[in-house]
Amino acid sequence: MVDGTVAVDPPASAGASGERETTTPTAIPYLLLAPSLLLLGLLFGTALVLLLALSLSPGAIPVQPGSSVRFLGNYVRFLADTYYLGQLAVTLEIGLLVTAVCALLGYPVAYTLAKAPPGRRRLMMAIIATPLLTDPIIRAYGWVVILGNEGPINRLLLRTGLVDAPVKLMYNWLGVVIGLVHFLLPFMILSIASVLQKLDVALEEASLNLGHTRFGTFRRVLLPLSLPGVMAGSTIVFTLCISAFVTPQILGGGAIQMLPNLIYQQIVELGDLNFGSAMALILLVVALGGLLGFQAMARRLGAEEQPS
Amino acid sequence: MNRKGIACISISVSCLLLVALLAGGALLVRPAAAQQSFAGQTLVITDWGGPWGESLRRNVAAPFEKKYGVTVKFDVGKSYENLAKVRLQRHNPQIDILFVDYGASQWAAQEGLTVPLSNYAASIPNLADVYPQAVAPGQAFVATRVSAQGIMYNEQKIKKPVDSWAALWDKDFEGHVGVTGIQWGTGKMVTTAAFLMGGNEKSPDLGFNKLKELRKIKIFESASQVAQLFQQGEVWIAPQLGPAAYALQKSGMPIRFVLPKEGAFGMFDNMSIVKGGKEQLAALFINFALDPAVQVEHAKDLTVGPTNRKAVLPPDLQQKVPTGEQIGRLYLQDDRYANSQLPAWTERWNREVVPMITK
C-alpha cells in the first residue's frame, strides 16, 4: 500500500483476469526458463527414473515370489498392509493439522505484517524468518528442553498446582505438531502477507463504509481476496510437513513414525533401496495429490466468493 | 615478443625453483621413503562423533597425521548411516576406512564393499597381538576397541540395587525407562528381552513377547540422545555402553553403570578397509590404531577396552572396561544371523512393539 503497488484487480484466482495480463507471445520467457528447467529436468528427472527403476525390483522381503504382481511387489507390500496405510494416514493427519494450525496462527500475523510501515515490516520479517535460520536438529532439541517433564512449562504447571503430574507434551503427536508448526509457520505467514500487501486498502475501507462489520469485511472481502496466499502457503506447508524427517524423529521419541522416518529406516538402516524407493514414490504421489487438492479447493472457494 | 619470451623463461625458472624447494623440503621433513609417498594425502574414516570422535581425533588421528604427514577426515554418522554411504559410493569410494559396529561391518564384508586385512598383512603387524574375539573370520575386519553394553541408571532416582535386565520392566520405574531402537547393535533389544525368558537372538519370539509387556517407553537411537534424556530427568534407566555412561558420570551426573547377571553385551567397534579407497594408507591407520601405546591412551581417555593384549591399563581403569579374559565373559551376539533377520525384525518392531510400548 505504501510502496506504490496499485494492483486493483484481485489476483488471478478466477482464471479470467489472467488472460488479460498475458504479454505478447515471444520465446524470451522460455529461453530464460531453459537453464533452470534443464537442470531440474536432468537432476530431478534422472533421480525419479532411478527411483522408479529401483522400486520395481524385489526388496528384502519379497511379496509372494513368482506371483503376477512381480514388478509391483513393493507397492503391493505397502498398499495391501493396514500397518503402512495406517502410517500414511498418520502422516497425512499430521500434515493437515499442521497446515490448519499454521493458517489460523499465521493469518493474523500476516495481516499485521502487511499493514505495518515498511521499516517495521522489514524488522518483523527478519524476526519471523528466524526459525528458518536455525538447524532443524538444534530447533527440535530446543523444544525437547522446553516441553520436557522438567522443562519450564511443566515446572510452571506443577508449581501453580494446575496439574499433579507432568503433562506429556512431547514424544507423542503433540510434540511433533508443535515442532513442525514452529518450523513451517514462516512459510505460511510470508505467503499470506505477500498477497495481503498487494490488496488495495480502498477495498477494505469501502466495505466498512458500506456497512460491513470488521468481521464481515474480513469474511466477505479480505479472506476471499487473500485466499490464493493461504492456499499457496498451505501447499508449501503441507508438502514440507509430510516430508519432514528430523522433527518427528526427535520430538516423536520413537512413538511417531511418519512416512519419511519409515523410508529412512528402509534405505539407511536396512539398505532396502527397493522398498524404500517405492515408499518414496508413494509419498511423492500423495504430496502431488495434496497439491492438486489445495489448488482445486482454492479455485472452488475463489469462484464461490467471487462478488458477482 | 621479446618481453613474452622473458616472462615465459622467468615463470619456468621460478616454477622449477618452487618444485626443487618443495621436493627438498619434503626430503628434509620426511626422511623415510615409504612414508614420503603419503604426504599430503587425505584419509577419510567414518565415526560416531561426540566424545568418541573427539577421543579418536586426539589419541589416534592426530598422532597418525603427524607421523605420516597426512590429513585424517571424519565422516560422522551412526553405523548403518555410514554403511549406507559406503554402499552408495561403491563405484566411487570417498571413504577409506569404515569404522562401525559389528553388524554393519559384517554386512559390508558380505556385500564385498571392503577388502580383507590379510591383503595388507605386511602393513598391519599389530594384528598378531589382537585378542582372537576382536578379529572377524577371514580377517574381514578388526576391532580397535571394545566396550560392554550394560545398564545405566540414575542412582539418585533409583535406590534399589540393579543387577538384572528385568529392572527395565520394573513397574516402579514405569514412565522413566528408555530402550534402544531396533537397529541399535543389530536388534540387541530383542536379544535383551529374550535373555529374561531364557533365550537369545535365536529365539526372537520370546524377546518380542517380553518387549510387548513394556509401557510408556522412550525409544532412543543414539548415545547422545539417551544422554540428553538422562540429563533432563525424562529417563532414569536404560541400556547403555560403558564409555557413554562413564562420560555422563564424568560430567557430574549421579550415574551408575552395571553389567546385568543375564549377560552384558560385548560391543566391538571395527575398522574395515574400503575396497577401492586408499587401501594401503587405510591399512597403516588400522595398524596405528592397534598399537598398544595408542590403545592405552585412547582407552584412558574414553573409558573403553583395548583389543591389543599388550595394551596394559592402569588398575582403576581395568575395573571399568573389558580387558583380557573379561572379554570372554561378555555375551557376543551372532551378528551375522541378526543381520539376516533385521528386515523381518524391523517389521515386527514397527508394528508389534512400537505402538504398544510407547503407549
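Per chain, numbering begins at 1; letters A, B, ... match sequence-line order.
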* Salt-bridge test for A:E269 and B:R87: reply yes if a basic N is under 4.0 Å from a carboxylate O, no otherwise. => no
* Should we say atom NZ of B:K73 is surrounded by more than 12 heavy atoms from elsewhere, each under 6.0 Å from it? -> no
* Structure fact -> Honestly, the part of A:D81 sitting under 4.5 Å from a heavy atom of chain B is side chain
* When A:Y83, A:Y84, A:F275 are compared by non-hydrogen pairs under 4.5 Å with chain B, the top option -> A:Y83
* Are more than 12 heavy atoms from other residues, nucleotides or ligands located less than 6.0 Å from atom CZ of B:R351? -> yes
* Is it the backbone or the side chain of B:K85 that comes under 4.5 Å from a heavy atom of chain A, or both, or neither? -> neither
* CH2/B:W169: more than 12 non-hydrogen atoms of other groups inside 6.0 Å -> yes
* To do: Select one option (side chain, backbone, both, neither) describing which atoms of A:Y141 are under 4.5 Å from chain B's heavy atoms.
  => both
* Inter-chain contacts: residues 211-223 of chain B against chain A, heavy atoms under 4.5 Å -> B:K218, B:I219, B:E221
* Can you tell me if CZ on B:R256 sees more than 12 non-hydrogen neighbours from other groups inside 6.0 Å? -> no
* Asked: Non-hydrogen atoms of chain B under 4.5 Å away: do they reach the side chain of A:L262, the backbone, both or neither?
  -> side chain
* Over all heavy atoms of both residues, which pair between A:V145 and B:Q232 is shortest? Give the atoms and the distance, please. => CA-NE2, 3.1 Å
* Spacing of CG belonging to A:N172 relative to OG1 belonging to B:T358, to within rounding of 0.5 Å -> 9.5 Å
* To do: With a 4.5 angstrom heavy-atom cut-off, could you sort out which part of B:I182 is near chain A: side chain, backbone, both or neither?
  => side chain
* May I ask you to say whether A:R77 pairs ionically with B:E347, meaning some side-chain N is under 4.0 Å from a carboxylate O? => yes
* **Region of B:L88 in contact with chain A, defined by heavy-atom distances below 4.5 Å** => side chain
* Under the 3.5 angstrom rule, does the side chain of B:E234 hit a backbone N or O of A:N149 as a donor-acceptor pair? -> yes
* Is it the case that A:Q265 and B:N350 place a side-chain donor and acceptor less than 3.5 Å from each other? -> yes
For residues 236-243 of chain A, run the donor-acceptor check on the side chains, cut-off 3.5 Å, and write out each pair with its distance to 0.1 Å, sequence neighbours left out.
residue, atom, partner, partner atom, Å
A:T239, OG1, A:T235, O, 2.6
A:T239, OG1, A:I236, O, 3.1
A:S243, OG, A:T239, O, 2.8
A:S243, OG, A:L240, O, 3.3

* Apply side-chain contact (heavy atoms from CB on, under 4.5 Å) to the pair B:Y80 and A:I267, showing each step before the final yes or no. => CA-CA 10 Å; B:Y80 282 95; A:I267 291 183; over 6 Å; no
* What's the spacing between B:N339 CG and A:L270 CG if we round to 0.5 Å? -> 10.0 Å
* Structure fact -> So, the part of B:Q225 with a heavy atom under 4.5 Å from chain A: the answer is both
* Are more than 12 heavy atoms from other residues, nucleotides or ligands located less than 6.0 Å from atom CG of A:D135? -> yes
